[in-house]
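The structure appears right after this line, and notes come after that.
Counting begins at 1 with the first residue of the sequence. No hydrogens, no waters, no symmetry mates; every other heavy atom, side chains included, goes into these values.
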Amino acid sequence: MAVEYLKKASRTPESNTSAAQQVVTEMLAEIQKRGEDAVRDYALKLDKWSGDIIMSEADIEKSIKEVPDSIKKDIEFGAKQVYDFALAQRESIKDITVELYPGVTAGQKVLPVNVVGCYAPAGRYAHIASAYMGVATAKAAGVKTIIACSSPFRGGGMHPYLLYAFKVAGADIIMTLGGVQAIASMAYGLFTGKEADVVVGPGNKFVAEAKRTLFGKVGIDVFAGPSEVAVIADETADPELVAYDLVGQAEHGVESPAWLITTSRELAEKVIKRVPELIDALPPLAKEAAGNGWRDYGEVILCSTREEVVAKSDEYAPEHLEVHAADHPWWLDHLTCYGSLFMGEETTVAFGDKCSGPNHVLPTKRAAKYSGGLSVHKFLKTLTWQEMTRDAAVHIGGVSARISRLEGMEAHARTCDVRLAKYAPGQKFDLGEPVKV
């Protein structure tokens with residue numbers, strides 16, 4: 001049986017970015033030209049914010065007093081889970097020293113970047129978990145200065161729950177700024193005098209485009225698009241849980257794809273029937289997002305074998321991938337393209353999005369074919385070093401001189417020649433044929 005689409009998307013997950021590109025290009029040019037004044041103007045125009053950009057300790061403490069103790073405990077738990085997982089990742093990466101040839105010693109040092117900018121959006125929802133996903137991970141990496149930004153929430157200051165998440169995760173500087181102006185301010189060092197080496201965090205298409213445009217000047221986490229979920233299911237899966245999990249991620253927005261890839265026609269038909277019912281029962285904001293996402297981007301794909309399922313899943317390279325199927329080790333061994341993998345019905349994307357531990361900033365739009373998501377590695381630099389004895393330099397120098405001349409690089413070759421003359425005076429060496437001009 002060939003792969004069969006029981007429901008096919010009418011649109012692709014590739015979002016239209018041309019309009020966003022034009023807006024972002026104009027905004028970044030204006031911010032480069034006018035600096036902090038331009039940022040303040042955009043903050044007032046787009047977010048109706050004219051208050052302080054950098055939050056004082058007094059303002060932070062005043063705001064977080066509004067956070068109930070029960071909510072603080074949940075945020076603290078989520079932040080610690082993320083920090084502990086990132087710390088375990090950090091401890092898995094070691095400095096090394098190796099002798100490659102007698103007298104030739106080389107190594108690597110793993111060092112954190114100095115300044116990181118972490119963004120958390122607060123538009124449709126206040127993304128509390130996003131606040132500690134970036135900051136706690138950077139903290140575990142050992143970053144010296146962590147700058148955190150989020151927009152004013154619905155006309156007021158920063159959402160106090162999100163602010164508490166920044167604070168408890170370890171942000172050093174917190175700024176009330178949203179959108180393109182926040183990303184630009186962190187990249188250019190506005191208000192803080194500290195240019196970010198890496199800027200991370202999810203956001204709308206304008207935030208994503210700002211990060212894409214600034215990539216090169218700063219490092220970024222991933223080229224992000226609308227959130228995605230795929231569920232792999234066989235005949236052992238619970239169709240009710242599968243349907244709930246598809247709807248759960250479709251809630252992210254009207255362009256968020258939700259895909260079911262299954263070997264069971266019976267399960268597929270049950271899920272197709274159940275998903276619209278679950279969407280209709282949602283609150284208005286979530287209903288609109290999930291309804292449009294499922295209608296335009298949702299797919300149900302029927303395969304005859306689990307090998308076909310793997311091939312289709314790897315083709316889509318989903319941001320989030322759930323496996324509701326028997327023989328978990330087989331799937332873990334064979335699936336290769338996903339942002340984060342959730343094995344079995346006992347875990348779900350919502351757990352990973354909020355507090356289970358691994359980071360929820362993940363590649364979309366098939367970028368999981370070549371990239372993972374945000375991790376402690378994003379904030380670390382693997383730097384190499386080398387030293388050698390004079391005897392080793394004599395051997396390495398001869399090889400380097402000959403290769404340099406084969407490449408036509410005479411100045412390179414002469415840096416080798418001069419060392420051979422100094423370290424082995426009177427000896428003759430094959431140094432290759434001098435470069436002819």
Side-chain angles (χ1 to χ4, degrees), residues 86-117 137-138 140-145 186-189 194-200 211-223 317 336-337 363 366-437:
L87 191 62
Q89 289 180 316
R90 176 65 183 91
E91 291 171 351
S92 74
I93 313 165
K94 306 294 185 183
D95 292 356
I96 63 168
T97 301
V98 59
E99 188 173 60
L100 297 170
Y101 180 85
V104 179
T105 304
Q108 72 174 23
K109 284 184 68 65
V110 181
L111 297 174
V113 300
N114 290 312
V115 183
V116 163
T137 305
V143 175
K144 294 176 183 176
T145 303
M186 292 188 287
Y188 298 143
K194 297 177 181 291
E195 294 185 358
D197 303 308
V198 178
V199 174
V200 303
K211 287 163 60 183
R212 188 195 68 80
T213 303
L214 290 166
F215 178 60
K217 174 177 174 52
V218 295
I220 64 171
D221 41 13
V222 292
F223 293 118
T336 63
C337 300
R366 308 199 179 194
K369 290 187 175 185
Y370 60 83
S371 175
L374 178 61
S375 71
V376 73
H377 305 82
K378 183 60 64 174
F379 305 121
L380 298 172
K381 302 176 291 184
T382 303
L383 309 177
T384 59
W385 59 270
Q386 56 191 274
E387 64 180 353
M388 62 187 70
T389 64
R390 290 191 170 189
D391 287 345
V394 169
H395 179 77
I396 297 293
V399 176
S400 298
R402 293 190 293 273
I403 292 175
S404 294
R405 289 190 166 101
L406 288 172
E407 294 177 341
M409 303 182 77
E410 183 63 25
H412 276 64
R414 292 181 185 182
T415 69
C416 307
D417 297 349
V418 70
R419 283 169 171 77
L420 294 176
K422 180 176 181 178
Y423 302 151
Q427 291 189 39
K428 292 186 178 180
F429 298 94
D430 176 9
L431 301 176
E433 293 295 322
V435 177
K436 294 184 175 63
V437 179

(message) Would the distance check show the side chain of D197 and the main-chain N or O of N114 forming a donor-acceptor pair, the cut-off being under 3.5 Å?
(response) yes
(message) Which heavy atom of A392 sits nearest to which heavy atom of V104, and what is that distance?
(response) CB-CG2, 3.6 Å
(message) Between K211 and D221, does any NZ, NE, NH1 or NH2 come within less than 4.0 Å of an OD or OE carboxylate oxygen?
(response) yes
(request) Mark yes when over 12 heavy atoms from residues, nucleotides or ligands other than K381 sit less than 6.0 Å from its NZ; otherwise mark no. (result) yes
(request) Please answer whether the main-chain N or O of A106 pairs with a side-chain N or O of E99 as donor and acceptor at a distance below 3.5 Å. (result) no
(message) Minimum heavy-atom separation for G397 and C416, please, with both atom names.
(response) O-CB, 3.4 Å
(message) How long is the straight-line distance from CD1 of I403 back to NE2 of H412, given to the nearest 0.5 Å?
(response) 12.0 Å
(request) Could you pull out the closest heavy-atom pair between V394 and A424, with the gap in Å? (result) CG2-CB, 4.2 Å
(request) Using a 4.5 Å cut-off on heavy atoms from C-beta on, say whether the side chain of W385 contacts that of T105. (result) yes
(request) Can you measure from OG1 (T145) to CD (E195) and round to the nearest 0.5 angstrom? (result) 13.0 Å
(request) Determine the interplanar angle of the H395 and Y101 rings, folded into 0 to 90°, and report it as parallel if under 30°, tilted if 30 to 60°, perpendicular if over 60°. (result) parallel
(request) Locate the shortest heavy-atom distance separating A413 from S404; write the atom from each residue and the value. (result) N-CB, 3.7 Å
(message) Among residues at least two apart in sequence or on other chains, which ones pass salt bridge (Lys or Arg N to Asp or Glu O under 4.0 Å) with D417?
(response) R405
(message) Evaluate E91 against L87 for side-chain contact (heavy atoms from CB on, under 4.5 Å), listing each step before the verdict.
(response) CA-CA 6 Å; E91 291 171 351; L87 191 62; 3.8 Å; yes
(request) State, to 0.1 Å, how close P363 and S371 come at their nearest heavy-atom pair, and which atoms those are. (result) CG-O, 3.5 Å
(request) Starting at CD of Q386, measure out to OG1 of T97 and round the result to the nearest 0.5 Å. (result) 12.5 Å
(request) Could you tell me which non-hydrogen atom of E410 sits nearest to which non-hydrogen atom of V435, and how far apart they are? (result) OE1-N, 3.0 Å
(request) Indicate yes or no: at least one non-hydrogen side-chain atom of V143 is less than 4.5 angstrom from one of V113. (result) yes
(message) Is there a side-chain contact between V199 and F215 in this structure, where contact means two heavy atoms from C-beta onward sitting under 4.5 Å apart?
(response) no
(message) Is the shortest side-chain heavy-atom distance between Y188 and L214 below 4.5 Å?
(response) yes
(message) Quick check: do L420 and L431 have side-chain heavy atoms less than 4.5 Å from each other?
(response) yes
(message) If you define the side chain from C-beta out and look only at heavy atoms, does anything of I93 sit under 4.5 Å from L380?
(response) yes
(message) With a 4.5 Å cut-off on side-chain heavy atoms, are T382 and H377 touching?
(response) no
(request) Please indicate whether K144 has more than 12 foreign heavy atoms, meaning atoms of other residues, nucleotides or ligands, lying under 6.0 Å from its NZ. (result) no
(message) Can you confirm whether R402 is buried at CZ, in the sense that more than 12 heavy atoms of other residues, nucleotides or ligands lie under 6.0 Å from that atom?
(response) yes
(request) Please assess R90 against V110 for the test side-chain contact (heavy atoms from CB on, under 4.5 Å), listing each intermediate value before the final yes or no. (result) CA-CA 9 Å; R90 176 65 183 91; V110 181; 4.1 Å; yes
(request) Measure the shortest side-chain to side-chain distance between F379 and L111 over non-hydrogen atoms and say whether it is less than 4.5 angstrom. (result) no
(request) Kindly check if the number of other-residue, nucleotide or ligand heavy atoms within 6.0 Å of NZ (K369) is above 12? (result) yes
(message) So, taking the atom named CZ in R419 and the one named CD1 in I396, what distance separates them when rounded to the nearest 0.5 Å?
(response) 13.0 Å
